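Take a look at the structure below.
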Amino acid sequence: IDVHISSAAFTTENFRCFVGIFRDITQQKRSDRLVSENIRMKNDFISTVSHELRTPLFSILGFTGTLLREQDELDRETRMEFISIIHDESKRLSALIEDVLMISRIDSGRVSYKKSELDPSITVSDVCRSLKIRADEKNIDLRLRVCAPMEHIFADQDSLKQVAINIIGNALKFTHSGGVVQVRLSCDAQSLLFSVEDNGPGIPAEDIEKIFEKFFRVERSGEAVDGTGLGLSIVKEIVADHDGTVEVKSIPNQSTVFLVRLPLLMKP
Ligand code: ADP
């Protein structure tokens, strides 16, 4: 409570009177706290993004600098190796910028979803078809099972595609060669169930809550795997904007299942 007491407002013969104003400022304090929390989160985001952008950029600057300075001393094979690193890092930078733009558009409510009635099996089949090349390259068996009857949902087609690409893409990325990625679509009374199961390395129990946080990546030993750590935060936000939920269950060194539920379009 904010209290304001005036200096003597008026005096009578026997009394000196003051005016006191009592204001309940709970609401104002609450909104001030929200604003400063928002500013803190934005600052954290900007510093993490800058840090993430710096890593590939420094690498590009380093290798291009060496190529410019020492081009005559470097043999063709080394030059090609440097150019290939520059190419990969530029791709990483570009993916990172795309993801950052996407997440900031979603966060600030600037994404205009074009929601319409759609058959999710068509969208998910398209995604599986486009990811088949990546699966074949890694000798992963990518299977799609659509359970009948398939109901329609009210969703933004591109966003649903993005959700499927991010989750199936991760399954293909983390599963070892020779593994299996099983995509399933089915419906219960109210929801569409879209699940992606793989028999890859799994996610440690202590990290499972964190994988939807921006820039979080599970630390793994061995071969470095590409990624921005933003894919699942984008999934979570898109799914929430469609009134759905996303869950994950994982058994380390055995399997991981992502399950997305989206409300079915209710027929009048
Ligand atoms: P990234 O760009 O690193 O893939 P994501 O936000 O998509 O970022 O995923 C966050 C982290 O969750 C990944 O770095 C990975 O460690 C873990 N993860 C996601 N999907 C899987 C999966 N199918 N199997 C194992 N780990 C996964």
Side-chain angles (χ1 to χ4, degrees), residues 37 40-42 44-53 55-56 91-93 95-107 111 124 127-128 131 134-135 138 140 142 159-177 179-185 191-262:
E37 175 69 1
R40 191 189 60 75
M41 276 166 64
K42 273 205 182 116
D44 282 359
F45 182 68
I46 290 169
S47 75
T48 317
V49 169
S50 317
H51 179 80
E52 294 290 328
L53 291 173
T55 316
K91 266 180 22 194
R92 204 173 131 205
L93 205 54
L96 189 61
I97 291 168
E98 284 306 314
D99 280 356
V100 167
L101 285 176
M102 179 75 179
I103 203 105
S104 77
R105 271 203 302 269
I106 296 176
D107 275 355
V111 165
V124 174
V127 170
C128 286
L131 292 176
R134 219 188 281 176
K138 264 187 97 178
I140 289 176
L142 174 61
S159 302
L160 180 66
K161 237 181 204 166
Q162 184 79 59
V163 167
I165 289 175
N166 289 7
I167 299 180
I168 304 170
N170 272 349
L172 294 175
K173 190 161 71 175
F174 293 104
T175 302
H176 303 300
S177 165
V180 180
V181 172
Q182 175 87 58
V183 181
R184 286 191 199 91
L185 277 174
S191 315
L192 167 79
L193 310 177
F194 162 62
S195 71
V196 179
E197 177 168 4
D198 66 62
N199 60 353
I203 301 165
E206 66 271 22
D207 290 332
I208 211 111
E209 293 288 319
K210 300 185 210 144
I211 58 167
F212 293 98
E213 287 173 13
K214 294 182 185 96
F215 296 110
F216 180 81
R217 308 192 70 208
V218 175
E219 276 188 32
R220 295 179 199 276
S221 51
E223 206 183 312
V225 182
D226 267 2
T228 62
L230 286 173
L232 289 178
S233 11
I234 292 173
V235 164
K236 192 178 162 198
E237 306 246 10
I238 292 177
V239 170
D241 286 345
H242 284 76
D243 303 315
T245 58
V246 51
E247 293 160 33
V248 54
K249 287 202 180 81
S250 186
I251 306 172
N253 299 318
Q254 204 169 312
S255 65
T256 301
V257 188
F258 280 86
L259 172 65
V260 174
R261 281 172 198 273
L262 291 170

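Small disclaimer: the values here were computed from a predicted structure and weren't measured. Basis for what follows: all heavy atoms, side chains included, without hydrogens, waters or symmetry-related copies.
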**Asked** With a 4.5 Å limit on heavy-atom distance, are the side chains of T256 and V248 in contact?
**Response** yes
**Request:** Let me see the working for K214 and V49 under side-chain contact (heavy atoms from CB on, under 4.5 Å), right down to the final yes or no.
**Result:** CA-CA 10 Å; K214 294 182 185 96; V49 169; over 6 Å; no
**G229 to R217 - nearest heavy-atom pair and separation** = CA-CG, 3.7 Å
**Message:** For the OG atom of S177 and the CD1 atom of I140, what is their distance to the nearest 0.5 Å?
**Reply:** 7.0 Å
**Message:** Using 0.5 Å steps for rounding, measure from the NE2 atom of H176 to the NZ atom of K138.
**Reply:** 8.0 Å
**Asked** In Å and rounded to the nearest 0.5 Å, what is the CD1 to CD distance from I234 to E98?
**Response** 9.5 Å
**Request:** Decide yes or no for T245 and V260: does some side-chain heavy atom of the first lie under 4.5 Å from some side-chain heavy atom of the second?
**Result:** no
**Request:** Show your working on side-chain contact (heavy atoms from CB on, under 4.5 Å) between V181 and F174 and close with a plain yes or no.
**Result:** CA-CA 10 Å; V181 172; F174 293 104; over 6 Å; no
**Complete:** When rounded to the nearest 0.5 Å, the distance separating CG of L96 from NZ of K91 is 14.5 Å
**Request:** Identify the heavy atoms of I211 and L232 that sit nearest to each other, and give their distance.
**Result:** O-CB, 3.5 Å
**Request:** Measure the shortest side-chain to side-chain distance between L193 and L185 over non-hydrogen atoms and say whether it is less than 4.5 angstrom.
**Result:** no
**Item:** Heavy-atom check, side chain of Q162 versus side chain of I238, under 4.5 Å
**Value:** yes
**Asked** What pairs meet the salt bridge (Lys or Arg N to Asp or Glu O under 4.0 Å) rule with one or both residues in residues 232-258, with sequence neighbours excluded?
**Response** E247-R261
**Fill in**
Closest heavy-atom pair, N199 versus G179, reported as atoms and distance to 0.1 Å, is OD1-CA, 3.5 Å
**Request:** Measure across L142 and A135 and return the closest heavy-atom pair with its distance rounded to 0.1 Å.
**Result:** CB-CB, 3.9 Å
**Message:** I want to check something: taking the side chain as every heavy atom from C-beta on, are E213 and S233 in contact at a cut-off of under 4.5 Å?
**Reply:** no
**Request:** Measure the shortest side-chain to side-chain distance between F258 and V235 over non-hydrogen atoms and say whether it is less than 4.5 angstrom.
**Result:** no
**CA sep, side-chain torsions, deciding dist, call: D99, T228, side-chain hydrogen bond (donor to acceptor under 3.5 Å, both in side chains)** = CA-CA 8 Å; D99 280 356; T228 62; 2.8 Å; yes
**Asked** Considering all heavy atoms of both residues, which atom of P252 and which atom of I203 are nearest to each other, and what is their separation?
**Response** CG-O, 3.8 Å
**Request:** Check whether any side-chain heavy atom of S50 sits under 4.5 Å from a side-chain heavy atom of I46, and report yes or no.
**Result:** yes
**Prompt:** Got a second to check how far R134's CZ is from I165's CD1, nearest 0.5 Å?
**Reply:** 8.0 Å
**Request:** Mark yes or no for whether S250, through its side chain, and I208, through its backbone, hold a donor-acceptor pair below 3.5 Å.
**Result:** no
**Message:** I need the single residue from I168, L262, L259, V239 that forms a side-chain contact (heavy atoms from CB on, under 4.5 Å) with F194. Which is it?
**Reply:** I168
**Prompt:** How far apart are the closest heavy atoms of G169 and L131, and which atoms are they?
**Reply:** N-CD1, 4.1 Å
**Request:** Sequence neighbours left out, what pairs pass salt bridge (Lys or Arg N to Asp or Glu O under 4.0 Å) with at least one residue falling in residues 197-208?
**Result:** R184-E197, D207-K210
